[in-house]
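Letters A, B, ... mirror the listed sequences (proteins, then strands); counts begin at 1.
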2 protein chains.
Amino acid sequence: MKQKITLKHIAKELEVSISTVSKALKNSEEIGRDTKEKVQAFAKLYNYKPNNIAISLKNKRTKNIGVIIPDIVHHFFTTVFRGIEKYANKQGYNVIVCVSDESFDKEVINMEMLANGSIDGFIMSLSAETQQKQDFNHLKEVTEQGIPLVLFDRVSEEVACDKVVINDMEVAYQAVNKLIEEGRKKIALVTTENYFNVSNQRAEGYTKALINDGRKLDDKLILKLPYKGVEDHMIEDFINTTDMDGILCVNELFAILCLRLAKKKGLRVPEDVSIIGFTNGILSRYCSPTLTTIAQHGEEMGERAAQMLIERVESEIDEEEETYRTEVIEATLIERESTK
Amino acid sequence: MKQKITLKHIAKELEVSISTVSKALKNSEEIGRDTKEKVQAFAKLYNYKPNNIAISLKNKRTKNIGVIIPDIVHHFFTTVFRGIEKYANKQGYNVIVCVSDESFDKEVINMEMLANGSIDGFIMSLSAETQQKQDFNHLKEVTEQGIPLVLFDRVSEEVACDKVVINDMEVAYQAVNKLIEEGRKKIALVTTENYFNVSNQRAEGYTKALINDGRKLDDKLILKLPYKGVEDHMIEDFINTTDMDGILCVNELFAILCLRLAKKKGLRVPEDVSIIGFTNGILSRYCSPTLTTIAQHGEEMGERAAQMLIERVESEIDEEEETYRTEVIEATLIERESTK
DNA sequence: TATTAACACGAAACCGTTTGCGTAACCTCT
DNA sequence: AGAGGTTACGCAAACGGTTTCGTGTTAATA
């Protein structure tokens with residue numbers, strides 16, 4: 001096992017000082033021609049690479065980004081992550097991922113683990129529990145320490161930081177409008193408990209579209225489900241007991257379940273009922289009939305988030321005068337077989 | 001913005017030495033009662049947390065694990081990652097993820113980035129290109145430097161390290177046997193080009209099961225597809241021109257495509273043709289008919305890999321005498337509607 | 001009263017780099 | 001020959017901790 005070689009080793013071997021070696025490797029003008037060549041040749045021969053940790057300590061820059069997401073086995077987060085990783089890597093950054101598992105406590109613990117020097121900044125999407133509790137002290141502490149933070153998708157107005165979101169309200173509005181244009185009379189909404197910012201926005205878009213068309217809201221057409229532990233019967237009851245000819249679902253799973261249970265009831269999709277879901281995932285593409293969905297462009301979102309974060313990290317101005325930006329990515333409706 | 005507090009700050013403020021502060025915070029016997037209390041109170045008040053980077057440099061231990069996988073938007077890798085992250089976090093480790101994107105070069109670059117002190121060990125699954133090229137020098141270099149490595153799923157015999165795999169051959173054998181027991185006469189195999197260790201193992205199980213039943217192999221019943229860029233027509237031609245009543249697919253996507261295209265041809269599943277896929281992902285659970293699949297237990301795999309790695313990292317014995325283990329996780333057949 | 005042990009703390013080395021500054025040796029010019 | 005200027009390098013501090021060892025003070029013991 002050949003030990004990792006350090007400046008000290010090279011210095012001793014070549015009988016020069018450590019600083020000479022360091023400067024020689026950086027091609028400093030201070031160092032003589034032949035010394036430089038000697039050092040560089042030796043370093044190449046033994047495949048010298050500077051120790052990242054030492055450099056991090058010196059520079060107070062780790063070139064690591066901390067990403068905290070609620071779930072990794074989840075198409076949307078996974079695509080966002082891919083975007084983050086892609087951009088970050090291009091800029092020479094590595095990505096440390098922690099999964100909050102929708103838990104407030106884990107989110108806090110993970111942040112604290114990473115905030116002690118391990119990373120230069122955070123990219124996060126809030127856990128369900130955090131959104132429910134509306135407790136953002138851990139985020140505030142981090143930003144107060146001067147660690148840049150970018151929130152995406154599941155954000156909160158109470159946290160002052162850069163954000164990347166999609167135009168949830170508008171795109172939900174468009175989606176419902178499409179159903180209206182199809183001639184749907186009874187359009188249902190399948191959403192989550194209302195502590196999710198995104199669900200609220202989407203519900204608002206739904207409402208606006210109906211109102212705009214001169215209809216009035218019918219609570220019977222709105223189903224609120226828990227975020228986790230959804231079981232078939234919850235949706236089945238709703239579909240079996242409610243008369244509807246169009247459904248907007250705030251996520252992909254709900255849409256797939258609606259599709260399946262509508263078919264089970266004997267409804268034809270899209271003849272009897274149209275279905276539109278959020279998240280243009282693999283399920284929507286491969287189920288049958290294929291699902292019309294709203295693509296959130298997760299990868300782009302991740303790239304933008306990473307870009308915003310790295311800009312913050314690398315900007316020299318310490319006090320950014322608190323001019324935080326919120327980037328809005330335009331979601332797009334992908335029409336497939338579940339609508340006409 | 002309150003700056004991160006260090007030992008030095010505390011020392012100056014309390015007019016003691018840095019070492020006294022350090023010891024006091026560790027509750028050392030060396031330090032007097034009241035000094036300890038004073039220091040600890042001050043530290044708590046200002047929320048002092050030691051700098052991870054400094055500790056890493058001192059200990060030559062980062063408490064970071066490097067994970068390199070071919071793709072993150074992929075159910076199997078994602079579940080493995082979840083297992084890794086779960087176990088690692090429990091042990092106080094963080095996980096740095098890099099995505100090789102099935103590229104040899106990216107795999108090499110990522111490894112080099114992380115190998116210079118950023119991590120204590122690697123958990124990897126080989127990229128398609130690496131398996132194709134059969135070039136493992138980057139892996140060997142890393143292990144020669146004494147950095148522990150655990151390979152999972154896509155492994156190679158040429159690399160001496162710990163490994164975690166599933167019993168691909170046996171479970172494929174079982175799956176085909178199930179089709180035989182159903183009375184299937186013409187069982188097809190849809191697999192990838194043969195540089196993938198896992199595909200080879202699965203193909204071998206397929207072959208063995210047929211031979212064992214006294215049949216002979218029919219090349220016309222075997223379809224080899226590229227790993228990326230599979231298009232419908234490749235499978236469609238195969239299904240339309242070949243007579244078959246059972247299909248084993250080496251991954252989930254192939255199975256879903258077969259299912260769809262068999263249905264398109266007018267075949268009933270499972271009446272006319274049975275389909276079994278690998279990877280018990282979300283697609284298999286929610287398509288219709290639901291797919292019988294082989295569950296690879298990715299999460300368990302990840303946990304085992306993390307456990308093996310951390311044991312290596314933390315074992316004091318530097319020379320492990322090269323007794324590397326290969327753990328085999330038992331895959332299980334999940335029967336659903338696509339088989340009888 | 002002199003010796004010694006216990007106590008409580010500080011100095012300094014170390015982890016691996018970077019970098020500002022000091023300086024010995026040589027060169028050049030007058 | 002001495003002043004002044006290069007050249008080519010080393011010293012040491014710094015990043016933020018941990019840890020070994022040394023030491024001044026006090027109290028206990030002979």
>> Expressed as a whole number of angstroms, how long is the span from Y48(B):OH to dG16(D):P?
In response: 10 Å
> Is a side-chain N or O of D120(B) found less than 3.5 angstrom from the main chain of T62(B), in a donor-acceptor match?
Replying inline: yes
Between protein and nucleic acid, restricted to nucleotides 11-13 of chain D and to nitrogen or oxygen atoms under 3.5 Å apart, what atom pairs and distances do you find?
residue, atom, partner, partner atom, Å
dC11(D), N4, S19(A), OG, 2.8

> Does a side-chain heavy-atom distance below 4.5 Å link K38(B) with L14(B)?
Replying inline: yes
> chain B on DNA chain C: first and last contacting nucleotide, 5' to 3', under 4.0 Å to a heavy atom?
Replying inline: dA8(C) to dG16(C)
> Do S22(A) side-chain atoms and I18(A) backbone N/O form a donor-acceptor pair below 3.5 Å?
Replying inline: no
> Rounded to the nearest 0.5 Å, how far does CZ of F77(B) lie from CG of D153(B)?
Replying inline: 6.0 Å
> Distance check: side-chain N/O of K36(A) vs OP1/OP2 of dC9(D), anything under 4.0 Å?
Replying inline: no
> How would you list, by chain and number, every residue that makes a side-chain contact (heavy atoms from CB on, under 4.5 Å) with Q40(B), sequence neighbours excluded?
Replying inline: L25(B), N27(B), K36(B)
>> Using a heavy-atom cut-off of 4.0 Å across all strands, would you classify S22(A) as base, sugar-phosphate, or nothing?
In response: base
>> In whole Å, I'd like the distance from the CD atom of Q3(B) to the P atom of dC15(D).
In response: 12 Å
>> From NZ of K4(B) over to P of dG17(D), roughly how many Å is that when rounded to an integer?
In response: 9 Å
> I55(A) CD1 to dG16(D) P: how many Å, rounded?
Replying inline: 16 Å
>> Closer than 4.0 angstrom, basic N to acidic O: yes or no for E102(B) and R154(B)?
In response: yes
>> Show, in sequence, the C-alpha distance, side-chain angles and deciding distance for V164(B) and I123(B), and conclude whether the side chain to side chain contact (heavy atoms under 4.5 Å, CB included) test is met.
In response: CA-CA 10 Å; V164(B) 188; I123(B) 298 179; over 6 Å; no
>> For a stem of at least 3 consecutive Watson-Crick or G-U pairs with distances under 3.5 Å, i pairing with j, i+1 with j-1 and so on, which stems involve DNA chain C?
In response: C:1-30 with D:1-30
> Can N94(B) and N89(B) be said to form a side chain to side chain contact (heavy atoms under 4.5 Å, CB included), step by step?
Replying inline: CA-CA 6 Å; N94(B) 280 123; N89(B) 251 359; 3.8 Å; yes
> According to the ring-ring contact (aromatic ring centres under 6.0 Å, His included) rule, which pairs have a member within residues 17-52 of chain A, sequence neighbours left out?
Replying inline: F42(A)-Y46(A)
> Can you name the nearest heavy-atom pair linking L114(A) to C98(A), along with the distance?
Replying inline: CD1-SG, 3.9 Å
>> Check E107(A) with K133(A), please: is the shortest side-chain N to carboxylate O separation under 4.0 Å?
In response: no
> Which whole-number value in Å describes the distance from K12(B) NZ to dG16(D) C1'?
Replying inline: 14 Å
>> Categorize S56(A) for me: base, sugar-phosphate, or nothing, with a 4.0 angstrom heavy-atom threshold over every strand shown.
In response: nothing
> Which residues in residues 24-34 of chain B have at least one heavy atom lying under 4.0 Å from any atom of DNA chain C?
Replying inline: E30(B), I31(B), G32(B)
>> Donor-acceptor check, side chain of R61(B) to backbone of V313(B), threshold 3.5 angstrom: yes or no?
In response: yes
>> With nearest nucleotide decided by heavy atoms, which residue, E15(B) or N59(B), maps closer to the 5′ end of DNA chain C?
In response: E15(B)
